[in-house]
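Below you'll find the structure, written out as structure tokens, and then a few comments.
All values below were derived from every heavy atom in this structure, side-chain atoms included, with hydrogens, water molecules and symmetry-related copies excluded.
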Amino acid sequence: HNFDAMAGMIKNFVSVIIPVYNDWSRLRDCLEGLAGQTFPMHQFEVIVVNNNPSYPCPYPLPASNMRVIDEPNKSSYAARNKGLGAAKGDVLAFTDSDCRPDPEWIQNALNCMETNKWTMAGGNIVFDFRNPNSAAEVLDASTYLDNERYIGKHASAVTANLFVSRIVFGSVGHFNGSLQSGGDFAFTRQAVIKGFSLGYCSQARVYHPTRGFVGGIKKTIRMGVNRAWIKDKHSASISQRLLALILRLIPIANPFRILKTIRTYGLKKGFLFVRTMLLSVVFGMVFNLSLIYGLITYSIRQSFNLIKAK
């Protein structure tokens, strides 16, 4: 919470922060999308934060308002924090290296924030299906990166598509740089608790590739482990988290979300729905096992901290 939010700030200027870890090929599409924004180029900058300094960017950046800085601490949230320290804008925009922004992404997000007097705006994340018949990809699109649902139900949003007024960081502080997943959820929730406004801007779109089976399993494990470690003064106790785990003993996805995804993207129905529901049981079990592991390691760490304190 020692972040000096106003240091070096330029008014009416946007800083786009993108963490990258060995993902330079997909980042190229993201940067090309940012180079093609309708928003004036002299009114925004792009800060790419390399989370593996031993593997530098292998190509020249496509625009003069873009630069790369390094963050050796392997965490996308530590990388975003490094970008915050280098940013000049009074609005901080976040997206991921595998996202491709719509040409009007920045302009539409700023319009939403100004019209509605929001201090934070979560944008629309549209999925690109590589294999429309893949149950894993349908499950991914049905489960993650739904800012409309996150904002409406949890008062939180994800950094795949997020705009934040600089004053928010002055009050809330950094992202939790020790987390591998879920730090954006915790940050935006804390900001809303402190009284900052968060809205959903459907016109501010980025396009995100769906994850296949292996990518989905990795994401599920990260979410389970880090769900146990996300902690603030308003978070659930360990006993409450265990109760939530018990309620998830039948680990099946919400069928209405899956049907909505199939309809929204015009995918084939029938067996795709059934296969996705069955796969959700497997992923749900993986999540629960990861959550148990996270709760155990969290409890051990807390016990060690108590012993040290004594």
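Under a hydrophobic clustering in which Ile, Leu, Val, Met, Phe, Trp and Tyr are joined whenever their side-chain heavy atoms come within less than 4.5 Å, directly or via other members, Trp118 and Val91 fall into different clusters. Under the 4.5 Å side-chain heavy-atom criterion for Ile, Leu, Val, Met, Phe, Trp and Tyr, Ile18 and Tyr21 are members of distinct hydrophobic clusters.
A disulfide bond (SG atoms under 2.5 Å apart) check over residues 74-104, counting only residues at least two apart or in different chains, returns nothing. Listed by first then second residue, pairs satisfying salt bridge (charged side-chain N to carboxylate O under 4.0 Å, His left out) with a partner in residues 120-136 read Arg100-Asp128, not counting sequence neighbours. Under the salt bridge (charged side-chain N to carboxylate O under 4.0 Å, His left out) criterion, the residue pairs touching residues 45-62 are Glu45-Arg67, with sequence neighbours excluded. Applying the disulfide bond (SG atoms under 2.5 Å apart) test to every pair with at least one member in residues 16-74, sequence neighbours left out, gives no pairs at all. Among pairs with a residue in residues 147-161, those fulfilling salt bridge (charged side-chain N to carboxylate O under 4.0 Å, His left out) read Asp146-Arg149, at least two apart in sequence or across chains. Pairs passing the disulfide bond (SG atoms under 2.5 Å apart) check and including a residue from residues 131-178, sequence neighbours excluded, do not occur. Counting only residues at least two apart or on different chains, the salt bridge (charged side-chain N to carboxylate O under 4.0 Å, His left out) pairs with a member in residues 72-87 are Arg80-Asp96.
Interatomic distance, CZ of Phe39 versus CG of Leu110, reported as 5.0 Å (0.5 Å rounding). Atoms CG and OG, on Asp184 and Ser156 in that order, are 8.5 Å from each other to the nearest 0.5 Å. Within the model, atoms NZ of Lys194 and OG of Ser171 stand 4.5 Å from one another, a figure rounded to the nearest 0.5 Å. Between the CD1 atom of Ile167 and the CG atom of Asp90 there is a distance of 9.5 Å, given to the nearest 0.5 Å. The structure places OG1 of Thr264 at 13.5 Å from CZ of Arg257, a figure rounded to the nearest 0.5 Å. Ile217 contributes atom CD1, which lies 8.5 Å from atom OG of Ser290 (distance to the nearest 0.5 angstrom).
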Problem set entry | Residue pair Asn73, Ser75: steps toward the side chain to side chain donor-acceptor pair (under 3.5 Å) verdict | CA-CA 6 Å; Asn73 182 12; Ser75 161; 5.6 Å; no
Exercise. What do the steps show when you test Val49 against Val20 for side-chain contact (heavy atoms from CB on, under 4.5 Å), and what is the final call?
Worked result: CA-CA 6 Å; Val49 188; Val20 60; over 6 Å; no
Exercise. side-chain contact (heavy atoms from CB on, under 4.5 Å) between Thr276 and Phe273: does it pass, once the steps are laid out?
Worked result: CA-CA 5 Å; Thr276 304; Phe273 171 76; 5.8 Å; no
For this session: Please lay out, stage by stage, how Thr159 and Thr95 fare under the test side-chain contact (heavy atoms from CB on, under 4.5 Å).
Result: CA-CA 6 Å; Thr159 43; Thr95 191; over 6 Å; no
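Between Thr143 and Leu139, the shortest heavy-atom contact is OG1-O, 2.6 Å. The minimum heavy-atom distance linking Ala35 with Met66 is given by the pair N-CE, 3.8 Å. Minimum heavy-atom separation, Ala79 to Pro19: CB-CB, 3.7 Å. Nearest approach of Ala191 to Val172, heavy atoms of both residues: CA-CG2, 3.7 Å. Val158 approaches Leu162 most closely through the heavy-atom pair O-CB, 3.5 Å. Closest non-hydrogen pair, Pro132 versus Leu272, comes out as O-CD2, 3.7 Å.
Distance alone, capped at 3.5 Å, places no donor-acceptor pair between the Asp70 side chain and the Pro53 backbone. Looking only at distances, a side-chain donor or acceptor of Asn147 sits under 3.5 Å from a matching main-chain atom of Gly123. Proximity of a side-chain donor or acceptor of Thr210 to a complementary backbone N or O of Glu137 within less than 3.5 Å is not detected. Distance alone, capped at 3.5 Å, places no donor-acceptor pair between the Glu71 side chain and the Ser76 backbone.
Asp23 meets the side-chain hydrogen bond (donor to acceptor under 3.5 Å, both in side chains) test with Arg26, Ser97; sequence neighbours excluded. Residues satisfying the salt bridge (charged side-chain N to carboxylate O under 4.0 Å, His left out) test with Asp140, not counting sequence neighbours, are Arg211. In this structure, the ring pair (Phe, Tyr, Trp, His ring centres under 6.0 Å) partners of Phe175, at least two apart in sequence or on a different chain, are Tyr77, Phe94, Phe169, Phe187. When the disulfide (SG to SG under 2.5 Å) test is applied to Cys201, the partners found at least two apart in sequence or on another chain are Cys112. Residues passing the side-chain contact (heavy atoms from CB on, under 4.5 Å) test with Tyr265 are Val126, Phe127, Phe129, Thr261, Leu267, sequence neighbours excluded.
Of the listed residues (Leu145, Asn124, Ile125), just one forms a side chain to side chain contact (heavy atoms under 4.5 Å, CB included) with Val206, and that residue is Ile125.
Annotation for Phe256: atom CZ does not count as buried by contact number, only 12 or fewer foreign heavy atoms lying within 6.0 Å.
For the pair Val138 and Ile262, the minimum side-chain heavy-atom distance is below 4.5 Å. In this structure the side chain of Leu27 reaches within 4.5 angstrom of the side chain of Tyr59, judged on heavy atoms. The closest side-chain heavy-atom distance from Val16 to Ile106 is below 4.5 Å. When side chains are defined from C-beta on, Ser197 does not count as touching Met120, because their heavy atoms never get closer than 4.5 Å. With contacts defined as side-chain heavy-atom distances shorter than 4.5 Å, the pair Ile258/Met277 qualifies. The closest side-chain heavy-atom distance from Ile69 to Asn50 is not below 4.5 Å.
Aromatic ring centres of Phe163 and Trp105: separated by under 6.0 Å.
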